[in-house]
Chemist: 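Dropping a structure here in structure tokens format, bear with me for questions.
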Amino acid sequence: MTGTRKLHIKSYGCQMNAYDSHRMADILAPRGFAETAQPENADLVILNTCHIREKAAEKVYSELGRVRKLKEGAAREGRRMLIGVAGCVAQAEGEEIIRRAPVVDLVFGPQNYHRLPELLARAERESGVVDTEFPVEDKFDALFPPSAAATKARGVSAFVTVQEGCDKFCTFCVVPYTRGAEASRPVAKIVAEVRGLAEAGVREITLIGQNVNAYHGEGLDGRPSTLGRLLHALAGVPGVQRLRYTTSHPRDVDDSLVAAHRDLPILMPYLHLPVQSGSDRILAAMNRRHTRADYLRIIERMRGARPDLAFSSDFIVGFPGESEADFRETISLVEEVGYAGAFSFKYSPRPGTPAADMGDQIAEEAKAARLSELQALIERHQRRFNALCRGKTLTVLLEKEGRHPGQLVGRSPYLQPVQLIAPVDRIGEIVTAMITETGPNSLFGSLAPAGASCESESASAMGA
Ligand code: SAM
Ligand code: SF4
């Protein structure tokens, strides 16, 4: 990409932030900004922050200490470097950031980055520009589509935000406060964005949202759509060969989503469905609005629709009041479902959320012990799931060059990284691979002859 000014964006946290960082780069590209991986060369450095777990704000302040040195270095060379803080810490802290770190020139929240050119112009004239209002206009209407060159540089797999914000108010979570109320983009706009990505060579689309299956954007008929119907609309976009979505809430799994898994072969058989805890008492205290039995019924329905579906989840251990018996319920749920992988976290009190003020906070040592037991169990499940792939053929979307000469890395339908030897010009293709070795996190294989069948993808054992 060409441009006279250099932009460096450091993105923390979830895929929503990764997507937002790309869109910030896209909106600044017509203003002459080209991205650089070297912050010391940048004219504008943006930290796109995450507030989900502990010490997020403190980490941003210590990163700003490092960025201050870069800014001073640029000034010594006679260059002006502007510093921006974006994302959920910016939303939560606002002006406090400028007060504690005067090196910062502008602070803007996740709902304001479409105003970046205007905010930047202000920051060039005045010090300490802050914009963390929730605007009435639709930010997506003001954004620019990426150029074909920018899309190509970002790879063959892309995220597309379809829904933002959350109205669920789980008692541990800051998202409803930092990202605001739930809002969904219209189907037509998402289809247009996906069409543009596919024309530029993207083959896999992951629809993202804080609560993606609460999606209810305006459909092509003018009525509210569902995530299931949106997936059907996107399955028809030429060039798109794989669809995924994340992150879902069990409460919002509806018939249309189950039908999408049954009817759309390009919807990958891997579902991230966070449950957080296996104990009904804790689920109620978390305000998750579903029980363990509800969750297990959803898994059963989904497996009924697509027997090779594999699951992953998020877990929190040490939520206030979590007893040893509650934790055992989480362990038994993991055993019962048999996950292909999962993320697990120690509960971290977030200021302003109800759980932070609950009594019976759990001691750090108990949290740490529960987390390591849970993680060991999840790792055993993940290894077992990966080992099931040995000796089978899987489709692999080749994404990029590997670390060794001649090696490419791609992803299986179950999101496992697969390493194999293949010519570099096959990046972007979906190939069939024979899996010869498996590790805890990756699979290793070789290109299978054309026409080899992908037996494991139709084997219900994969979902078990
Ligand atoms: N919307 C998703 C859902 O309902 O599960 C996930 C949103 S959040 C970005 C991702 C994960 O971070 C959550 O699923 C939860 O496990 C974890 N998380 C959120 N708040 C947390 C907290 N206060 N302490 C520890 N983990 C937390
Ligand atoms: Fe946070 Fe997810 Fe709960 Fe919304 S549904 S409050 S994003 S954990």
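Each ligand, and each atom within it, is numbered from 1 in the order the structure gives. Keep in mind it's a predicted model, so treat the numbers as computed, not measured.
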Chemist: Under a heavy-atom criterion of less than 4.0 Å, does Lys346 contact ligand 1?
Modeler: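 Within the 4.0 Å threshold, so yes.
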Chemist: Where's the contact between Arg179 and ligand 1, heavy-atom distance under 4.0 Å: side chain, backbone, both or neither?
Modeler: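 Answer for Arg179: neither.
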Chemist: Are the charged groups of Arg185 and Glu218 less than 4.0 angstrom apart, N to O?
Modeler: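 Salt bridge absent between Arg185 and Glu218.
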Chemist: Among protein heavy atoms, which sits nearest to atom 5 (S) of ligand 2, and what does the distance come to when rounded to 0.1 Å?
Modeler: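 In this structure, atom 5 (S) of ligand 2 has His249 CD2, 3.4 Å as its nearest protein heavy atom.
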Chemist: Using a 4.0 Å cut-off to any heavy atom of Pro274, which atoms of ligand 1 qualify?
Modeler: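 It comes down to these atoms of ligand 1: 5 (O).
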Chemist: Hey, which atoms in ligand 2 end up nearer than 4.0 Å to a heavy atom of Arg288?
Modeler: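 Contacts of ligand 2 toward Arg288, numbered from 1: 3 (Fe), 8 (S).
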Chemist: Determine whether Arg370 and Glu365 satisfy the following criterion, salt bridge (Lys or Arg N to Asp or Glu O under 4.0 Å), listing intermediate values before the conclusion.
Modeler: CA-CA 9 Å; Arg370 287 175 192 173; Glu365 309 80 75; over 6 Å; no
Chemist: Heavy-atom contacts under 4.0 Å between Phe345 and ligand 1: side chain, backbone, both, or neither?
Modeler: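 Looking at Phe345 and ligand 1, just side chain atoms fall under 4.0 Å.
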Chemist: Using a cut-off of 2.8 Å, how many protein N, O or S atoms lie below it in distance from atom 1 (Fe) of ligand 2?
Modeler: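 Under the 2.8 Å cut-off, the count stands at 1.
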Chemist: Do Arg23 and Tyr113 meet the cation-pi criteria used here (NZ or CZ under 6.0 Å from the six-membered ring centre, within 45° of the axis)?
Modeler: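 No, Arg23 does not lie over the aromatic ring of Tyr113.
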Chemist: Any salt bridge between Lys168 and Asp252, counting N to O under 4.0 Å?
Modeler: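 Yes, this pair counts.
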Chemist: Can you tell whether the side chains of Arg301 and Asp255 come within less than 4.0 Å, N to carboxylate O?
Modeler: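 Salt bridge present between Arg301 and Asp255.
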Chemist: When you look at CZ of Phe343, are more than 12 heavy atoms from neighbouring residues, nucleotides or ligands closer to it than 6.0 Å?
Modeler: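 Atom CZ in Phe343 is not crowded, with 12 or fewer foreign heavy atoms closer than 6.0 Å.
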Chemist: Assess Asn211 for proximity to ligand 1: is some non-hydrogen atom of it under 4.0 Å away?
Modeler: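 Heavy atoms of Asn211 never come under 4.0 Å of ligand 1.
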Chemist: Hey, are Lys6 and Glu35 close enough for a salt bridge, meaning a charged N less than 4.0 Å from a carboxylate O?
Modeler: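 Salt bridge: no.
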Chemist: Please tell me whether Tyr270 and Gln416 have a donor and an acceptor in their side chains that are separated by less than 3.5 angstrom.
Modeler: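 No, Gln416 and Tyr270 have no side-chain donor paired with an acceptor closer than 3.5 Å.
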Chemist: Do the side-chain N and O atoms of Thr438 and Asn386 include a donor-acceptor pair separated by under 3.5 angstrom?
Modeler: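 On atom types as modelled, these side chains do not qualify, holding no pair under 3.5 Å.
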Chemist: Applying a 4.0 Å heavy-atom criterion (strictly less than), which segment of Arg350 is in contact with ligand 1: side chain, backbone, both, or neither?
Modeler: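 Only the side chain of Arg350 comes within reach of ligand 1.
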